[in-house]
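Have a look at the structure below before the remarks.
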There are 2 protein chains.
Amino acid sequence: MTEKKEKILQSALELFAREGYTGTSTSKVAKHACVSEGLIFRHFGNKEGLLDAIIKEGEERAKTLFSSIVFETDPKELISKLITTIESFSKNSEDFEFWKLQYKIKWETEKYNEHKMEALQLALTSAFTKLEYEFPELEATILLVIMDGLATRLCLQENFQVGPITDFLRKKYNV
Amino acid sequence: MTEKKEKILQSALELFAREGYTGTSTSKVAKHACVSEGLIFRHFGNKEGLLDAIIKEGEERAKTLFSSIVFETDPKELISKLITTIESFSKNSEDFEFWKLQYKIKWETEKYNEHKMEALQLALTSAFTKLEYEFPELEATILLVIMDGLATRLCLQENFQVGPITDFLRKKYNV
DNA sequence: TATATTTGCAAGTGATTACTCACTTTTATG
DNA sequence: CATAAAAGTGAGTAATCACTTGCAAATATA
């Protein structure tokens, strides 16, 4: 990957996260990345190709992030790790912009990438089964739904504090 | 309100919910509403004015919807009503498009209307206090966060079934 | 009925959109 | 070194964008 190609991706990520996909023009991306507009189309074909490249990178990043959770064998530790992961999405984190973009794209393109979360759902279900919860699958879904809800608040509600909530969740799940 | 003015609002609601705010041009709205494009600007000033009108209508609708919950005195009944409200947001409901737009706008304009939910938060906290939960405020927040998460799933994940989750929530809160 | 106001339309405006193309420069390869 | 492929540019393109203007039709008010 060329230096300029990487710069384009980085600029697009930042601008798409801030202004949205349709709200960001290719000329803005080019100016921000300090390259000619034509280069975007040389490398990515069209604007959607640029978006696809960002999404693909996102899937890789999600896989990496979730791998340490999914392969955890101790059920309590697994739940604890998931809660800690949510906590780390706080605003000053360097991952924040990245995850915000993932959700923004979801709402703008209306494609909820289910299989990205499938492994997580299965691992959580397994954990709740080990802990002998009555409805492990529903417990897993609820926890992932809470994740989506917390992401919404973190991204959209100013001054939202995750800390008290995640502490409370740890107490509830006794982890 | 003129017939045509109402038609514009109705068309804008539908198109904004489907294609997003920046993704919908004023000419598309005009064509869909079968009016001249100029009439939009006569009635609403500019495109943002049209959006504001829709948001304002949304606030009224939210107030109406939540009023029967907020003024409920029986704590268990209050929680039950909230869960039922979430349930009614299922895809074939006529309110679905409306609530989807509310969330889409939130993500596109990045303004989480906190005071719209403030009354709900307070009422829920009061309910959990009456029921002698240890951390009523956190319980209230968690339930509202679950609402946001469920809305995300309902709007973006195909074939998502709320029923099992809401039944599970009723069991958890014993309502 | 006369007049003022509101409602509505068609045809514009300049700016911006995603994208193309002819061209030069850089890099890799035999 | 020669040559081909890849990287990069800048000036285009038609279409679309939000928005304006001048004028006609409908409606309200006196």
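Lettering follows sequence order; numbering is per chain, from 1. When reading the values below, keep in mind they use all heavy atoms of this one structure, side chains included, and skip hydrogens, waters and symmetry mates.
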To the side chain of [X], which of [options] is closest?
| X | options | answer |
| --- | --- | --- |
| V35(A) | dT9(D), dA18(C), dT7(C) | dT9(D) |
| S36(B) | dC9(C), dC19(D), dT7(C) | dC9(C) |
| K28(A) | dT9(D), dT17(C), dC19(C) | dT17(C) |

Taking only side-chain nitrogens and oxygens of [X], does any of them come within less than 4.0 Å of OP1 or OP2 of [N]?
| X | N | answer |
| --- | --- | --- |
| S27(B) | dC17(D) | yes |
| H43(A) | dG8(D) | yes |
| S25(A) | dT17(C) | yes |
| K4(B) | dC9(C) | yes |

Note to self: Can you confirm if the NZ or CZ of K47(A) lies within 45° of the ring axis of Y21(A) and under 6.0 Å from the centre of its six-membered ring?
What the structure shows: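 Judged by the rule (NZ or CZ under 6.0 Å from the ring centre, within 45° of its axis), K47(A) counts as positioned above Y21(A).
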Review point. Should the pair K106(A) and Y103(A) be classed as cation-pi, given the thresholds of under 6.0 Å to the six-membered ring centre and 45° from the axis?
Key: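 Yes; both conditions hold, so K106(A) lies above the ring face of Y103(A).
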Write down the distance between [atom1] ([X]) and [atom2] ([N]), rounded to a whole number of angstrom.
| X | N | atom1 | atom2 | result |
| --- | --- | --- | --- | --- |
| L50(B) | dC17(D) | CG | C1' | 15 Å |
| I8(B) | dG8(C) | CD1 | C1' | 10 Å |
| M1(A) | dA6(D) | CE | P | 17 Å |
| E37(B) | dA18(D) | CD | P | 7 Å |
| I40(A) | dT20(C) | CD1 | P | 13 Å |
| L39(A) | dA11(D) | CG | C1' | 16 Å |
| K31(A) | dA18(C) | NZ | P | 11 Å |
| E19(B) | dT16(D) | CD | P | 15 Å |

Over all strands shown, is T24(B) touching base, sugar-phosphate only, or nothing at heavy-atom distances under 4.0 angstrom?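 If one applies the 4.0 Å heavy-atom cut-off, T24(B) turns out to touch the sugar-phosphate alone, with no base involved.
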Indicate yes or no: does R18(A) engage E14(A) in a salt bridge with an N to O separation below 4.0 Å.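 Salt bridge present between R18(A) and E14(A).
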* Asked: Starting at the 5' end of DNA chain C, which residue's closest nucleotide do you reach first, R42(A) or T26(A)?
  ->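 Checking each residue's closest nucleotide, the 5'-ward one belongs to T26(A).
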Other residues, nucleotides and ligands only: do more than 12 of their heavy atoms fall within 6.0 Å of NZ on K130(A)?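 Enclosed.
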- Query: Do T125(A) and E137(A) get their side chains close enough for a donor-acceptor pair, meaning under 3.5 Å?
  - Reply: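 Side chains of T125(A) and E137(A): no pair found under 3.5 Å.
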